[in-house]
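Each chain gets a letter, A, B and so on, in the order its sequence line appears, and its residues count up from 1.
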Number of protein chains: 2
Amino acid sequence: MSYEPGWDLYRTFEAVLRHGSLSGAARTLGLTQPTVTRQIDALESALGTELFVRTCRGMSPTAVALRLQPYAETLLQTTAALVRDASSANEVSGTVRITAGETVGIEYLPPILAGLRRSHPSLHLELSLSDAVEDLMQRKADVAIRMIEPTQKTLVKEKVNTVEIGLYAHESYLDRRGMPKSLKDLTKHDIIGFDTETPVIRAVTVPYSWLRRANFAVRTDSSPAQLAIIRSGLGIGYYQSRAASQTPNLVRVLEDQFTLCFDMWIAMHENLRTNPACKIVYETLGTALAAMPDD
Amino acid sequence: MSYEPGWDLYRTFEAVLRHGSLSGAARTLGLTQPTVTRQIDALESALGTELFVRTCRGMSPTAVALRLQPYAETLLQTTAALVRDASSANEVSGTVRITAGETVGIEYLPPILAGLRRSHPSLHLELSLSDAVEDLMQRKADVAIRMIEPTQKTLVKEKVNTVEIGLYAHESYLDRRGMPKSLKDLTKHDIIGFDTETPVIRAVTVPYSWLRRANFAVRTDSSPAQLAIIRSGLGIGYYQSRAASQTPNLVRVLEDQFTLCFDMWIAMHENLRTNPACKIVYETLGTALAAMPDD
DNA sequence: CGTAGCTCATATATTTTCGTATATCGATAA
DNA sequence: TTATCGATATACGAAAATATATGAGCTACG
């Protein structure tokens, strides 16, 4: 026991941990179940620890295995990032993974990505829509579009634009319920709001007491769902004005009394600057997002 | 070509990158040169990229290989951290890696570490003396003692003490050159100072204009070297007063006019809280450092 | 109750990988 | 020039890891 394990064993370990069974891990790894069994046995004896208790229904991880899970996930993400980076060796090709908030990813990015693919046909793009800021450091993505300034020092970043958020409602709703005249009126209206109150939201909405979770008629964190609900005439919701103004039959509400502004940032790990594909994506996204008209 | 490489290949890749030769990598990996050759070939064909140019003097990494080096190093550090964490499965045993500044590591830690070893004979300790703050996030160390407050959110941290830095000189020097009466006098003296001016140093030394790199008679970043030079009677230098006051024949200079204060922090990745060995080390170091007398 | 479907464990055969031995190439020095 | 040292490349037998086939145990469901 207690010898430095081969790194392949960590991959198997991660897969078993994720699937909860030897057979399931074997399927995704392209191995067979006895092989996975032997590799887990080998890892356990190398580390000198029991990692799983074998049950008839699968493998149940021990406390030690759960403690080691973050390491295994880091390994997985790092190898994936390595392969992505290597895949675009010298020309603009390979795969670049982009992360952005849902609204940006749905409203702004698609035409830009289409243009990228037209000019670089061998460039493959992955789009991950989430707001987790740590993505870049954990190498879950190569390029990120964010609404708050990234602070990590190992990132290259750039402020590319500003985003204005306003209140919107469908014509049919306003016909039915009337147009609010002041922010106070909003307490009598159906508000479509966020579900989880992130620190950012909390900070930004301080001046607007009616914009509290408890007051919302419908709560969801999905921006496209919010827009769809607004369009269905259910109530008043917030949305990025640049995108909302292009939606037919949507009317801005209390334009002069409610506006939130965010800076839009693009960021990338500095090590990727020498990667032609990532560089092109970073620059193209940066200039295209900066060139967006105000309304 | 272009298939997901086995993770063992990354380990080989990292070793070849570090050694610059197949044979050298083979030696440290406990493999043979033909095996390493095959594995590098396999990795190159899997990634579809040339990683090294074969010369008679060894393997010269291509630009792509250099770009991939950070990933490989992350993998290496992560696997090492995983093994360390696993090594203390359920009892207080295994290996814990501690990082601290040189002065702390030399002046304060040794008796504490000795006590730890006495109470936990199967606990192995590694001590890495450097000031790189990112160590913990990169999993290069498990527990860190730092002179500035760690800011990363995934760390558990604690302020354990304060450190006072004063000016010291050897008796023989003061006999020869006289005791300075004011900070102004210091310009006529031989000062032993730092070599590289870190942001922390720059911020702290603003009020002391004579404490500039250009004025130093001897420059070194090594704290033990600074102390040795002070003790040799070469000039006046700064040192942690708690440690300096225990050195014979060392005299404090301008005590009432020059004092720098730092907070001493202990920090650990939050995931390690459930690791018995790391927890013991963190707690023992924390209480022992907090219990140090002021002088 | 019994069967189907899932799991993990085990024994055997096969494929892959590794190590040994050897050849080759280039730089360096006598 | 030639010998030597250190490096990489190649060939082949040995060892290790893998896949196949099978058995046994538990759960779900008709």
Whole Å only: how far is the CG atom of B:Asp41 from the C1' atom of D:dT10? 12 Å
Sort and list the pairs that fulfil salt bridge (Lys or Arg N to Asp or Glu O under 4.0 Å) and have at least one residue in residues 32-43 of chain B, not counting sequence neighbours. B:Asp41-B:Arg54
Atom pairs under 3.5 Å: protein N/O with N/O of nucleotides 3-5 of chain C:
none

Residues that A:Arg231 engages under salt bridge (charged side-chain N to carboxylate O under 4.0 Å, His left out), provided they are two or more places apart: none
If I take atom CG in residue A:Leu43 and atom P in nucleotide D:dA17, what distance separates them, rounded to the nearest angstrom? 14 Å
Pairing residues for B:Glu73 by the salt bridge (charged side-chain N to carboxylate O under 4.0 Å, His left out) criterion, not counting sequence neighbours: none
So the salt bridge (Lys or Arg N to Asp or Glu O under 4.0 Å) pairs with at least one residue in residues 74-84 of chain A (sequence neighbours excluded) are A:Arg84-A:Asp142
Examine C:dC6: is either OP1 or OP2 under 4.0 Å from a nitrogen or oxygen in the side chain of A:Ser23? Give yes or no. no
The side-chain contact (heavy atoms from CB on, under 4.5 Å) partners of B:Ser122 (sequence neighbours excluded) come to B:Ser93
Below 4.0 angstrom, which residues in residues 7-20 of chain B have at least one non-hydrogen atom near DNA chain D? none
Not counting sequence neighbours, which residues clear side-chain contact (heavy atoms from CB on, under 4.5 Å) with B:Lys157? List them please. B:Glu149, B:Pro150, B:Trp265, B:Ala267
Can you list the steps and then say if B:Arg11 with B:Leu75 is a side chain to side chain contact (heavy atoms under 4.5 Å, CB included)? CA-CA 8 Å; B:Arg11 175 166 63 174; B:Leu75 293 175; over 6 Å; no
side-chain N/O A:Arg54 vs C:dA9 OP1/OP2, d < 4.0 Å: yes
According to salt bridge (charged side-chain N to carboxylate O under 4.0 Å, His left out), who are the partners of B:Glu50, at least two apart in sequence or on a separate chain? none
Not counting sequence neighbours, which residues clear side-chain contact (heavy atoms from CB on, under 4.5 Å) with B:Pro5? List them please. A:Val83, B:Leu9, B:Tyr10, B:Leu43, B:Ala46, B:Leu47
Rounded to the nearest Å, what distance is computed from the CD1 atom of residue A:Ile40 to the P atom of nucleotide C:dA9? 11 Å
Suppose we screen for salt bridge (charged side-chain N to carboxylate O under 4.0 Å, His left out). Which residues come up paired with B:Arg18, at least two apart in sequence or across chains? B:Glu14
Correct closest heavy-atom pair for A:Ala141 and A:Thr99 would be CB-CG2, 3.6 Å
With B for base contact, S for sugar-phosphate-only contact and - for none (protein heavy atoms under 4.0 Å), nucleotides 15-21 of chain C reads ---BBBB
